[in-house]
Enquirer: 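I have a structure I would like to understand better, so I am pasting it below and will then ask my questions one at a time.
Chain letters run A, B, ... following the sequence lines, proteins first and then strands; every chain starts at 1.
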Amino acid sequence: MSLTFEFASPAPVPTPAPDRVTLFVDVILPLPLPKLYTYRVPYELNDNVVIGGRVIVQFGAKRTLSCIVAAVHETPPKEYQAKYILEFIDDAPVVTQPQLKLFRWMAEYYMCTLGEVINAALPSALKLSSESRIQLHPVFVAEGSPYPLDDKEQRIVDALGGEDGKALTFTEVGDLLEVASFHKVIKSLMQKDVIFLFEQMADKYTPKVVKKVRLAEHFVTMAAVEQLFDTLASKPKQVDVLLKYLQRVPVHHNEHLNQQGIEKAALTSSPHLSPSAVNTLIKNGILEQFDQIVSRFPLEENPLAQMPFQLSEAQTTARDEVMTLFGQKNIVLLHGVTGSGKTEIYIDLIRNALDGGGQVLYLLPEIALTAQIVTRLMRVFGSRLGVYHSKFSDNERVEVWNGVLSGRFQVVVGVRSAVFLPFDSLSLLIVDEEHESSYKQYDPAPRYNAREVALMIGNFQGAKVLLGSATPAVETFYMARQGRYGLVSLSKRFGEAGMPEIELIDTRKLRADKKMHNHFSSDLLSAMESKIAQQEQVILFQNRRGYAPVIACQDCGYIPKCQSCAVSLSYHKHAHELRCHYCGYHEGMPTQCPACGSRALRTQGFGTEKLEDDLKIMLPQANVQRMDLDTTRAKNAYQQIIGDFEQQKTNVLVGTQMVTKGLDFENVSLVGIVNADAIIHYPDYRAHERAYQMFVQVSGRAGRKGKKGKVLIQTGDPTQVIFDKVIRNDYLEFYAYEIEQRREHEYPPFTRMIKLTVKHMDQELAQKAAILLTQELVDRLGRSVVLGPEPPYIFRIRNFFLQEIVIKLSREHTVLKQAKLDICAAMDIVRDQKEFRQARLVADVDPM
DNA sequence: AGCACGCCGACT
DNA sequence: GTCGGCGTGCTC
């Protein structure tokens, strides 16, 4: 100890901790990366750390990203120096703890990264993005540049203006120059020190603002108002405006009303008022204009909100049974035939759950989430109801997200992705049409099934889950039969409506007898004719869009195929072009055969478009409308078509799957399934289930409100087993038959499947990679559980050749977990192979 | 996923 | 000779 001081400084007692802890956070980047990344919290900002909040970090040399804080700790990373967090965005979580837990489970279960889950979960407006901007360099502004600038460069400099420091984004520069290669110009300007580049995080959520007006403060007394009218006596237009304002906002009764004012548009757009008078009043300081941030979902308190409706006896019984079963089980399946009034039961249960103070999530397949159902729910739940739909704008989604966080929305009705919303105290989840395959996300990752996710949320949050369907998924019904789920059945239709009468039409026989007219049997045609004559409506179902799936040259047999996919091009008559339904490629319809020059190009097969066309000729008296992906692409087209049909402007609705879902049309008395065989003959184990569900669901559209409906099914082979089950409308019988098939062939629910797809531009390499992958899988899991590799029916999509491997696993959790690890390991081995660098490997857990 | 670093063809 | 193609590897 060598001290140079006279008085020794106090012995270095362990300093009473200066409380200077260094915090680190693990963040989830919105990227498909397998790990979390650790950043350091600037000491002064320790208090700002929020788990589930967003932070901005520098990732790599050039990128600035926003990400979610998943964990906070004090452990400095050993192998590297953590970078600092640049900025904190939120002072409260945007992602709740229960969500983080759920997202971790999803990533593990569906074999993807947390980043991918986060990416799918967050509305993109919550994902800040770095937008590169350029600005004039201060040195250049002061001294100019020693280098000469060319024309393009000068234009950019001009646009950036002088001292005011205006910044342009790259896109803006691109627009300015009208050329794509603006990077060169920017680069050159940067080298000349004329501009510099900076990154700016832009919050993409913009609140909705309305312009409002109110009376300027010093006029808000009776006396002042009266005086005002005197002064304005010679300005009748302005007086009109003021009168209107006072009528809407009776300031003389209550001065405080003035604070809220009214929307400016209410005055300016009124036909009796002059907009310029409004502006004059504002200019003269009599009215004042202000902005107010408003919700995109107007808070209209509905007086009818609590209006009770009467459940039928059957509904009441079912509701009570559900409630009783919830006492013993967390999951209940409500098996109710089409038209049995499940929705009313849901509403009743939701109301009940809300009274208990919990949140409710009500999931519907996309095509079933219609204005019809939303209006109905709005009427009951008013402003407590949030709606989450894929056709919503991003801003609207953020509002729902925030509304759930703030507690404003206690019920959300939504599609698949609504399972990502930040609930933290759900007491009830409803999955309607639980068998629907649209609950499963195919691509991209996470390839989740919202039904399964809902079940897991229920499990995590201690909430009850109600699954509803007229045609439950075989897996679901099995669980109910096993006693794992409660089961409630509703076998009667609501009201007096009976089940429709189903009839098969043997098209093969009729064709031989020359009783087929194009794709219509005379039976179907005459049935349609008579229904239309009786002012009743008809739905025709054909599960194929477009005009014809194939065109062929009559002379040489040539069939136009997609250049990027292994499919023939479908003919779309309206657009007069050939389209690929897999990659979207399209080209004009050729006038002659590209191979032999013949003009004899004929269509083969038929889609909704051709049916619509044929009907217009065969039933000229009918008003025919088509509803499929092609006619509903525009934002409100769907609503338009439904509306027209509802108001009976159309007699016949021809459509794909879309017409099968949850639409209640009271006047439909006939449903025709034009080609049942196309639905049954599908190369996978679920074909029968899907066909059964489809037939029953379409049939369910026939006959409601007391009218007995009729269903005509055209098929080339009426003897197929499945028809028997459909006609007798006996789900149990169908189930009994199907479950045996599943047991015998070891399909779900007796096993759990994982489908691996290998994609490669090179056919041979795709196959080689798949063979290696299979080998690696067999080594780890055993030969018996690995099937394939095999090219799928459509073996090439978007220029990638596909190979599929299916793994059938035991449903035991531990086995499953281990198997997934093994599968990952096997995939990594293939990925690490130099030869297969270009291969893409995708795992799909519980494929549909 | 981007973005940088690094090694081989068609242009000033 | 350089500009630029995209193959490979990393990002706290």
Enquirer: With sequence neighbours left out, write down each residue that passes side chain to side chain donor-acceptor pair (under 3.5 Å) with Asn48(A), or none if nothing qualifies.
Expert: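 Expected list: none.
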Enquirer: Report the distance from atom CG of Leu29(A) to atom C1' of dC10(C), rounded to the nearest whole Å.
Expert: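 Interatomic distance, CG of Leu29(A) to C1' of dC10(C): 13 Å.
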Enquirer: Round to a whole Å and report the spacing from CD1 of Ile85(A) to C1' of dC12(C).
Expert: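 The answer, rounded to whole Å, is 11 Å.
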Enquirer: Whole angstrom is fine here: how far is it from CD in Gln58(A) over to C1' in dC10(C)?
Expert: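 Value for this atom pair: 15 Å.
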Enquirer: Nearest-Å distance, CG (Asp26(A)) to P (dC12(C))?
Expert: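 After rounding, the gap between these two atoms is 14 Å.
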Enquirer: For Ser438(A), what residues pass the side chain to side chain donor-acceptor pair (under 3.5 Å) criterion, not counting sequence neighbours?
Expert: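 Result, side chain to side chain donor-acceptor pair (under 3.5 Å) vs Ser438(A): Glu436(A).
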Enquirer: Please, which pairs that meet salt bridge (charged side-chain N to carboxylate O under 4.0 Å, His left out) have at least one residue in residues 771-780 of chain A, sequence neighbours excluded?
Expert: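 Listed by first then second residue: Glu776(A)-Arg780(A).
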Enquirer: Quickly work out the Glu79(A) CD to dC10(C) C1' distance and round it to whole Å.
Expert: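 Going from Glu79(A) (CD) to dC10(C) (C1'), I get 15 Å.
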Enquirer: I want to verify a distance call: between dA1(B), dG9(C), dC12(C), whose nearest atom is closest to the Arg837(A) side chain?
Expert: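 Nearest listed nucleotide: dG9(C).
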Enquirer: Are there any protein N/O atoms within less than 3.5 Å of an N/O atom in nucleotides 2-6 of chain B, and if so, which ones and at what distance?
Expert:
{"from": "dG2(B)", "atom 1": "OP1", "to": "Arg63(A)", "atom 2": "NH1", "distance (Å)": "3.1"}
{"from": "dG2(B)", "atom 1": "O4'", "to": "Arg63(A)", "atom 2": "NH1", "distance (Å)": "3.2"}

Enquirer: What's the CZ-P distance between Arg831(A) and dC10(C), to the nearest Å?
Expert: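 The answer, rounded to whole Å, is 16 Å.
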Enquirer: Of the listed nucleotides (dC12(C), dT8(C), dT11(C)), which one gets closest to any side-chain atom of Tyr39(A)?
Expert: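 The answer is dC12(C), which lies nearest to the side chain.
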Enquirer: For Pro444(A), is there any backbone N or O sitting under 3.5 Å from a side-chain donor or acceptor partner on Gln441(A)?
Expert: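 Here the side-chain-to-backbone pair exists.
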Enquirer: To the nearest angstrom, how far is Arg840(A) atom CZ from dG7(C) atom P?
Expert: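 Going from Arg840(A) (CZ) to dG7(C) (P), I get 14 Å.
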Enquirer: Report all side-chain donor-acceptor pairs from residues 758-772 of chain A shorter than 3.5 Å, counting only partners two or more places apart or in another chain.
Expert:
{"from": "His760(A)", "atom 1": "ND1", "to": "Asp762(A)", "atom 2": "N", "distance (Å)": "2.9"}
{"from": "Asp762(A)", "atom 1": "OD1", "to": "Glu764(A)", "atom 2": "N", "distance (Å)": "2.8"}
{"from": "Asp762(A)", "atom 1": "OD1", "to": "Leu765(A)", "atom 2": "N", "distance (Å)": "3.0"}
{"from": "Lys768(A)", "atom 1": "NZ", "to": "Glu835(A)", "atom 2": "OE2", "distance (Å)": "2.8"}

Enquirer: Please state how far atom CZ in Arg40(A) lies from atom P in dC12(C), giving the value in whole angstrom units.
Expert: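 After rounding, the gap between these two atoms is 15 Å.
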Enquirer: Taking salt bridge (charged side-chain N to carboxylate O under 4.0 Å, His left out) as the cut-off, I'd like each qualifying pair that reaches into residues 439-451 of chain A, sequence neighbours left out, listed once.
Expert: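 Non-adjacent pairs meeting salt bridge (charged side-chain N to carboxylate O under 4.0 Å, His left out): Glu434(A)-Arg451(A), Lys440(A)-Asp844(A), Asp443(A)-Arg447(A).
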